[in-house]
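Residue numbers start from 1 in every chain, and the chains themselves are labelled A, B, ... in the order their sequence lines are given, proteins ahead of strands. Not measured: the values here are computed from a predicted model.
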Amino acid sequence: MNPQFKKGILELCVLVIVKQKDQYGYELAQNLTEKIAIAEGSLYPLLRRLTKEDYLQTYMAKSTEGPPRKYYRLTDEGERYMETLIHDWNIFQESVNHLIKEVYES
Amino acid sequence: MTHTEYLNHLEKHLHQLPEQEKQEVLADYQEHFEMGMLEGREASEIAKDLGHPRDIAKEVYLQFRIENAETNKSITNLSQAILSTMSLGLFNLIIVLGPAIALLGIYISLWAAVFSLYVGAIGVFFVTSSSGVQLILLQLFSAMVLAGLGIMLTIGLIKLGNMLYQLFMKYVKWNVKIVKGENYV
């Protein structure tokens, strides 16, 4: 898949996954790569950007094992942003599907 | 590549980043390795999934430059503002000042003309004349004509004054805009 295209969708996926449950970077990377093949390294710059744009918030929390982890939480603003992204995505994928269907049926 | 090797590579690639920013980025990857190894994964395997440190650094730099575009813009803006102020000052002095003074001069002399019309009207009216009703009527009539012209011109000049004032304010605002560097927005 085209890397630029993937990047945009990655943003949406991250927001959706974090909305479901606060999670730390590694966990998020695992959850993502289960579904989409990405270089996990590109996830952290994305998380930093989303945090700087106030779509995500971070906090440190201890866990039963190992050192404290940096958790990510979706903000209200992030949720609104996610809604618009989902909306855009739905419209986009519908029109693409429509286009493909037209070509294949003609 | 081991855990420390990977982070060292990444640190090298990030050498242009401010120290604090760099440490924050490195901490994220450090945590990532720790969590992965806690799950019993090999460091080399984690490193492979992360991708090349060079690619990560590229991404981090790209983002850092975008974030700092605003700050840098204000620095360029400042030098741009100084330059524009200087060139604008010269432009104002040479090209705008002359016509502006000429315009102001014409405007003031028009007021002087109006003033003289009023003086004329009063003068004509009060010039004592011994001879005849006809002449007094003529005087009255001339005074009224002069006063009427004066009033009409006064109204016109006030309007013209407003227009000139607005023009001047527009010009000032345009100057400010150019100095602020907003002229292309």
Side-chain heavy atoms of B:M37 within contact of B:E42, under 4.5 Å: no

Side chain / backbone / both / neither for A:L47 at chain B, heavy atoms under 4.5 Å: neither

Ring centroid separation B:Y6 to B:F33 under 6.0 Å: yes

B:H3 vs B:Q30, side chain to side chain donor-acceptor pair (under 3.5 Å): CA-CA, chis, key distance, verdict: CA-CA 8 Å; B:H3 165 199; B:Q30 166 78 19; 3.2 Å; yes

Part of A:A29 lying under 4.5 Å from any heavy atom of chain B: side chain

Whether B:H13 and B:H9 hold their rings parallel, tilted or perpendicular, with breakpoints at 30° and 60°: parallel

For B:I155, the option from B:I151, B:I158, B:L157, B:L153 that meets side-chain contact (heavy atoms from CB on, under 4.5 Å): B:I151

Geometric class of the A:Y55/A:Y81 ring pair [parallel <30°, tilted 30-60°, perpendicular >60°]: parallel

Contact class of A:E27 relative to chain B, heavy atoms under 4.5 angstrom: neither

Contact class of B:E21 relative to chain A, heavy atoms under 4.5 angstrom: both

Among the listed options A:K70, A:R48, A:R49, A:E53, the residue most often paired with chain B at heavy-atom distances under 4.5 Å: A:R48

Region of B:E39 that comes under 4.5 Å of a non-hydrogen atom in chain A: side chain

Residue, of B:K48, B:E59, B:K58, that accumulates the most heavy atom pairs under 4.5 Å with chain A: B:E59

A:L46 versus chain B, the contacting section by heavy-atom distance below 4.5 Å: backbone

